[in-house]
Structure formats: structure tokens, C-alpha cells
Amino acid sequence: MVSPLLADDADEETTTNNNGRGGTHIHLWQFLKELLHQPQLYGSCIRWLDRPKGVFKIEDSVRVARLWGKRKNRPAMNYDKLSRSIRQYYKKGIMKKTERSQRLVYQFCHPYCL
DNA sequence: AATCAGGATACAG
DNA sequence: CTGTATCCTGATT
């Protein structure tokens, strides 16, 4: 038996928490929020720095990218490509740059962090 | 080296 | 058409 708090390494989400859906048409920002809402499971790779402001930090870019790749069935996914998609959110008003930009720190725009 | 910034192009739904 | 995925060049940390 593996302790639920130390479940990582080989299988990141075999016992996946599929929120009732198949996990198909999910947007990246929604996926990131799903991880942020499960700190018990993903707190080591992504967490809020300022929840009310929608500021969060990706602590383990490799793992978050790997999880995203699994969710979208894109085995070649990596942080370079995932971050490119996040950058597209700036122009769209889904995310914005933080006041003092720090590496791996992003911020949701008001309606999206709720 | 890793991450950030975008433009260009490809692709799936 | 939209929302990435992929690829690339150059800048910054």
C-alpha cells in the first residue's frame, strides 16, 4: 500500500481524479485550477501564492507538463509548449503578468480564478 | 540551463 | 473558427 501523500514518481495519476468527465475538451486554465484545488495531491508541483488574487506558482514544471500531456493525450508535451499556451492567455485576458514577474509565477484574471 | 516572449504554422473538433 | 500543439529565434534570469 502506498501512502496517498507520497504518490508520485512512476504513476502520476493512475488513480486519477476524473471530475465526472472524460477529460476531453478541457482548457488549460481549467486544468491548472483543478490541480490547484487539490493541494493534497498536487501541492508539490503547483500551488497558490495568493489565492484571492489568482496568483499561483508552478513548483515542478516537468510534472505539471507531464500531467497536462496525459490529460490531453499528448505524450510529447513539455513545459516549453505548455507555457506557450499560457502566454496566449495574456492577449485573451484569461491570465496576466504579475507585478514583479518571477519565474514560474502566473496570475489569473478576475473571472477565471473564481 | 531554464524560463520567458511571441510569431508562424499545423491541427483537431 | 477556436484552442491549443509544435517549432523557432532571441532575450532574460
Side-chain angles (χ1 to χ4, degrees):
Chain A
M1 186 60 88
V2 185
S3 68
L5 291 175
L6 298 172
D8 44 82
D9 216 299
D11 269 49
E12 314 258 14
E13 52 172 30
T14 330
T15 337
T16 309
N17 51 300
N18 289 323
N19 296 336
R21 290 147 214 143
T24 323
H25 309 130
I26 187 171
H27 286 177
L28 177 56
W29 62 273
Q30 299 175 320
F31 172 76
L32 294 175
K33 279 177 59 181
E34 282 186 8
L35 300 189
L36 286 163
H37 292 164
Q38 305 278 56
Q40 208 52 65
L41 291 170
Y42 308 110
S44 57
C45 61
I46 184 171
R47 62 172 185 173
W48 293 111
L49 285 192
D50 191 322
R51 197 168 182 179
K53 284 186 178 177
V55 179
F56 65 94
K57 179 173 184 177
I58 292 174
E59 305 281 8
D60 188 334
S61 61
V62 175
R63 187 169 318 194
V64 172
R66 206 184 290 151
L67 289 167
W68 177 231
K70 278 175 184 163
R71 199 56 150 46
K72 291 288 293 295
N73 228 51
R74 238 65 236 184
M77 182 50 61
N78 59 38
Y79 184 65
D80 254 23
K81 291 183 281 190
L82 186 157
S83 62
R84 179 70 189 89
S85 291
I86 289 180
R87 267 173 248 135
Q88 290 284 148
Y89 286 159
Y90 295 148
K91 179 189 292 181
K92 294 185 162 186
I94 293 174
M95 289 207 209
K96 63 183 184 180
K97 295 181 183 178
T98 48
E99 205 173 300
R100 263 227 331 162
S101 64
Q102 302 177 119
R103 291 181 132 197
L104 302 170
V105 175
Y106 296 92
Q107 175 170 21
F108 284 103
C109 289
H110 15 341
Y112 299 93
C113 53
L114 302 177

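All values derive from a computational prediction rather than experimental measurement. Reckoned from all heavy atoms, side chains included, excluding hydrogens, waters and symmetry mates.
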Does A:Trp29 have a side-chain nitrogen or oxygen under 4.0 Å from the phosphate oxygens OP1 or OP2 of C:dG3? no
Worksheet item: Does a distance-only test, which skips hydrogens and angles, find a donor-acceptor pair under 3.5 Å between the side chain of A:Arg87 and the base of B:dG7?
Response: no
Separation of B:dT3 atom C1' from A:Glu59 atom CD, nearest Å, is 15 Å
**Message:** When you measure from the side-chain N and O atoms of A:Lys81 to the phosphate of C:dT6, is any distance below 4.0 Å, counting only OP1 and OP2?
**Reply:** yes
Between A:Pro75 and A:Lys92, the residue closer to the 5' end of DNA chain C by nearest nucleotide is A:Lys92
Review point. Counting only side-chain N and O atoms of A:Lys97, is one of them less than 4.0 Å from OP1 or OP2 of B:dA5?
Key: yes
Check your understanding: Would you say A:Ser83 reaches B:dT3's phosphate, i.e. side-chain N/O to OP1/OP2 under 4.0 Å?
Key -> no
Report task. Have a look at A:Leu28 and say if it touches a base, only the backbone sugar-phosphate, or nothing, with a 4.0 Å heavy-atom cut-off. Result -> sugar-phosphate
Exercise. Sub-3.5 Å donor-acceptor pair from the side chain of A:Lys81 to the main-chain atoms of A:Ala76, do we have one?
Worked result: yes
Atom CZ of A:Arg71 and atom C1' of C:dT4 are separated, to the nearest Å, by 15 Å
Separation of B:dT3 atom P from A:Ile58 atom CD1, nearest Å, is 9 Å
Of the listed B:dC4, B:dA2, B:dG13, the closest approach to the A:Tyr106 side chain comes from B:dC4
*Centre of A:Tyr90's six-membered ring, under 6.0 Å away, within 45 degrees of the axis: is that where NZ or CZ of A:Lys96 sits?*
no
A:Leu82 CG to C:dG3 P, in whole Å, measures 16 Å
Output yes when a side-chain donor or acceptor of A:Ser101 lies under 3.5 Å from a complementary backbone atom of A:Thr98, and no otherwise.
-> no
Between NZ of A:Lys57 and C1' of B:dA2 the distance, given in whole Å, is 13 Å
Rounded to the nearest 0.5 Å, the SG atom of A:Cys109 sits from the NZ atom of A:Lys53 at a distance of 14.0 Å
Quiz item: A:Phe31 vs A:Trp68 aromatic rings, parallel, tilted or perpendicular, using cut-offs 30° and 60°?
Solution: tilted
Rounded to whole Å, the CG-P distance (A:Asn73 to B:dC11) equals 18 Å
Of B:dT3, B:dG13, C:dA5, the nucleotide closest to the side chain of A:His25 is B:dG13
Here the distance between atom C1' of C:dT6 and atom CH2 of A:Trp68, to the nearest Å, is 15 Å
_If you compare every side-chain N and O of A:Ser61 against the phosphate oxygens of B:dA2 (OP1, OP2), does one of them come in below 4.0 Å?_
no
Heavy-atom nearest nucleotide on DNA chain B taken for A:Lys91 and for A:Gln102; more 5' hit belongs to A:Gln102
Examine the base of B:dA5 for any acceptor or donor lying under 3.5 Å from a partner atom in the side chain of A:Arg84, and report the outcome as yes or no. no
Is there a ring pair (Phe, Tyr, Trp, His ring centres under 6.0 Å) between A:Phe108 and A:Tyr89? Walk through the geometry before answering.
CA-CA 9 Å; A:Phe108 284 103; A:Tyr89 286 159; 8.3 Å; no
In whole angstroms, the gap separating P of B:dT3 from OH of A:Tyr79 amounts to 7 Å
| message | Is it the case that the base of C:dA5 and the side chain of A:Arg74 share a donor-acceptor contact (distance under 3.5 Å, atom types as modelled)? | response | no
Do the side-chain N or O atoms of A:Tyr90 get closer than 4.0 angstrom to the phosphate oxygens (OP1, OP2) of B:dG6?
-> no
